[in-house]
Amino acid sequence: MTTFSDLGLSQKVLSAVTDAGYTVPTPIQAGAIPFALQRRDICGIAQTGTGKTASFVLPMLTLLENGRARARMPRTLILEPTRELAAQVAENFEKYGKNHKLNVALLIGGVSFEEQNRKLERGADVLICTPGRLLDHCERGKLLMTGVEILVIDEADRMLDMGFIPDIERIAKMIPFTRQTLFFSATMPPEIQKLADRFLQNPERIEVAPPSSTAKTVTQRLVAVPNKDYEKRSRLRDLIRAQGDLKNGIIFCNRKKDVADLFRSLERHGFSVGALHGDMDQRSRTNMLAGFKDNQITLLVASDVAARGLDIPDVSHVFNFDIPIHAEDYVHRIGRTGRAGRSGAAFTLVAKSDAKYLDAIEKLIDQKIEWLDGDLSALPAPTEGEDEGRGRRGTREKGDRERGDRGKGRERRAGHKSEAKTEHTNPVEAEEIEVARMEPVASERKVDRRPSPGNRNARPNPANDDQRERRRNHYRDHDDGPTPVGFGDEIPAFMLIVANAKS
DNA sequence: AAAAAAC
């Protein structure tokens, strides 16, 4: 059997790998590392969860041991589609590079230029970037790409989806032809293959099967829900409470606005919850993800920014509040659970109008997913207009039954009890009020938050989103009051990677 | 019907 010591990695790297508890490489690692060490170009077809990151981090560390970086002339460059993925790769360099004295610079948007500039001045051995911020640095003349020996293009198919390819081409043009290029993609459709042909020279192609663990260890269920958001939220709460074995869970929505709305709704109902989407300020994004990883937050409401690649080892549940529009996103989302052979559960809320998306998913994964209790035909007939209590029929019964048996997911924050328990005889009305109130200003936070008749009919005004976001940031930065995430003086190591220069 | 990414 192949072990890490058979791959040609340096002693420093091997000892860090051993310390991390690994002895046997994954197929992509065993396949790619020897060729990477020979300075060959690589075309790796591998999904996240296959150990892909280490398959380029480890040989890069070994290759970087000879030589030293000069100011503003990075020696290697890694491109990632999202800030979170970039930060994750940086963490890998910390972990496996602990015996090296390498300068690793994380160049991502949403944080200040100062720290990044300092690192570039000092000379970076490794640059890990999202494309926009890298180009920004280049345009400011802070960066000379002529010394780059190794270029890594990660998640190429996703870069394509996200329209990053022109940026990638611009960046690649600045890097000498003599470089080594490591190219990774989860899939290889013709478009990506053409791209690979442009970037790579005589590449070694390594293809590994997608991790089969998901299909085997994740219990997938569909939950028929009415179309209305408040009814879906109510059903979701019942579902979460019914999970006896919920350790933590990610709840996916299709839109950023719905992430924000559902987050506030769950927060108001007393759940331990965070949110993650691309319009949040980077500080909150970092905090939320770190809090979730540290188990300070039980539930994370997220957009598809969290669907792919994020390595959170132990997620017990995935909830699709919205069914994904693109079937392949379903696979990525549920791939957040059941990792490393653990068991996981994935629930997808399905409304009548979602039928065609469900068909596409079942076709893609080539299996029928079981309904939790009753399929779409069990739903009450759709109605027009509002009448009392309508629509919760079918969910209320179950909700009431389970109300006495709350899962671990329900964690009420001290001091918020009375707010979370506001009484309403009419569930529709209760939810309306909740939505109207979901964005308290700091000053309101400490005063009486019980609904007053005056704002019963108030609706959130989308035009105020910016203003509300600013207020929210203000609140997060300056208010010491209860919030769903807070580290006090405990700054997670994850944040320090972004915030502090490594000495 | 969306999301992601620079200021």
Side-chain angles (χ1 to χ4, degrees), chain A residues 48 78-89 105-117 120 127-143 153-171 185-186 227-229 232 250-263 275-282 284-286 288-289 300-310 320-333 336 348-361 462 465-466 498:
Chain A
T48 40
I78 299 168
L79 296 169
E80 294 288 335
T82 68
R83 297 171 186 172
E84 277 73 17
L85 283 177
Q88 200 169 281
V89 172
L106 178 60
L107 305 189
I108 59 173
V111 294
S112 101
F113 279 89
E114 253 175 67
E115 279 299 324
Q116 298 181 358
N117 281 337
L120 293 177
L127 277 192
I128 305 161
C129 316
T130 45
R133 180 55 73 99
L134 175 68
L135 286 170
D136 205 339
H137 276 283
C138 290
E139 280 157 18
R140 286 163 196 241
K142 296 286 181 191
L143 213 42
I153 299 167
D154 197 13
E155 302 266 334
D157 50 352
R158 199 171 176 205
M159 299 262 205
L160 181 77
D161 286 348
M162 289 164 60
F164 284 166
I165 297 305
D167 287 350
I168 305 296
E169 307 229 33
R170 272 179 68 199
I171 293 164
S185 188
N227 248 329
K228 295 248 190 290
D229 273 358
K232 285 174 73 175
I250 304 179
I251 305 166
F252 285 102
C253 299
N254 287 350
R255 296 172 208 77
K256 288 178 281 201
K257 182 180 183 307
D258 293 334
V259 170
D261 289 355
L262 181 59
F263 162 64
L276 187 68
H277 67 70
D279 279 355
M280 288 164 54
D281 64 290
Q282 190 55 37
S284 307
R285 281 170 71 162
T286 308
M288 291 290 186
L289 190 58
L300 186 69
V301 188
S303 70
D304 279 317
V305 70
R308 303 195 197 195
L310 280 194
N320 289 314
F321 183 76
D322 296 313
I323 194 166
I325 292 165
H326 296 299
E328 61 272 29
D329 285 334
Y330 177 82
V331 180
H332 291 294
R333 288 182 182 184
R336 295 312 97 205
T348 301
L349 306 196
V350 186
K352 275 211 160 77
S353 55
D354 296 333
K356 60 174 181 286
Y357 301 118
L358 177 58
D359 284 347
I361 290 167
D465 277 358
D466 282 351
V498 180

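Just so it is clear, the structure is predicted and the values come from calculations on it, not from any experiment. Convention: sequence-line order gives letters A, B, ...; per-chain numbering from 1.
- Counting non-hydrogen atoms under 4.0 angstrom, D136(A) reaches a base of the nucleic acid.
- Using a 4.0 Å heavy-atom criterion, one finds that G163(A) contacts no nucleic acid atom at all.
- For the pair M162(A) CE and dA3(B) P, the computed distance is 12 Å after rounding to whole Å.
- The base of dA2(B) is paired with the side chain of H326(A) by a donor and an acceptor separated by under 3.5 Å.
- For the OP1/OP2 pair of dA4(B) and a distance below 4.0 Å, the side-chain nitrogens and oxygens of K256(A) include at least one atom meeting the criterion.
- For dA4(B), neither phosphate oxygen OP1 nor OP2 lies less than 4.0 angstrom from any side-chain nitrogen or oxygen of R285(A).
- Distance CG (L106(A)) to P (dA5(B)): 13 Å, rounded to an integer number of Å.
- The NE2 atom of H277(A) sits 15 Å away from the C1' atom of dA5(B) (whole-angstrom rounding).
- Straight-line distance from the NZ atom of K352(A) to the P atom of dA1(B): 22 Å, rounded to whole Å.
- The separation between I168(A) atom CD1 and dA5(B) atom P is 13 Å, rounded to whole Å.
- In this structure, E80(A) contributes its side chain and A87(A) its backbone to no donor-acceptor pair below 3.5 Å.
- With sequence neighbours excluded, the residues forming a side chain to side chain contact (heavy atoms under 4.5 Å, CB included) with T348(A) are L222(A), N320(A), I323(A), Y330(A), V350(A), listed by chain and number.
- One interatomic measurement links the two molecules: CG of N117(A) to P of dA6(B), which rounds to 15 Å at whole-angstrom precision.
- A salt bridge is defined here as a Lys NZ or Arg NE, NH1 or NH2 lying under 4.0 Å from an Asp or Glu carboxylate O, and R308(A) with D161(A) meets this definition.
- Atom CG of L134(A) and atom P of dA5(B) are 15 Å apart (whole Å).
- Within the nucleic acid shown, R158(A) has no heavy atom closer than 4.0 Å to any nucleic acid atom.
- Looking at heavy-atom distances under 4.0 Å, F164(A) makes contact with a base.
- With rounding to whole Å, M280(A) atom CE is found 14 Å from dA3(B) atom C1'.
- Along DNA chain B, the nucleotide nearest R255(A) and the nucleotide nearest L107(A) are compared for position; the residue whose nucleotide lies closer to the 5' end is R255(A).
- When distances run from any side-chain atom of T130(A) to the nucleotides dA6(B), dA1(B), dA3(B), the shortest one goes to dA6(B).
- Partners of E114(A) under the salt bridge (Lys or Arg N to Asp or Glu O under 4.0 Å) rule, at least two apart in sequence or in another chain, do not exist in this structure.
- Between K142(A) and D136(A) no salt bridge is recorded (no basic side-chain N to carboxylate O distance below 4.0 Å).
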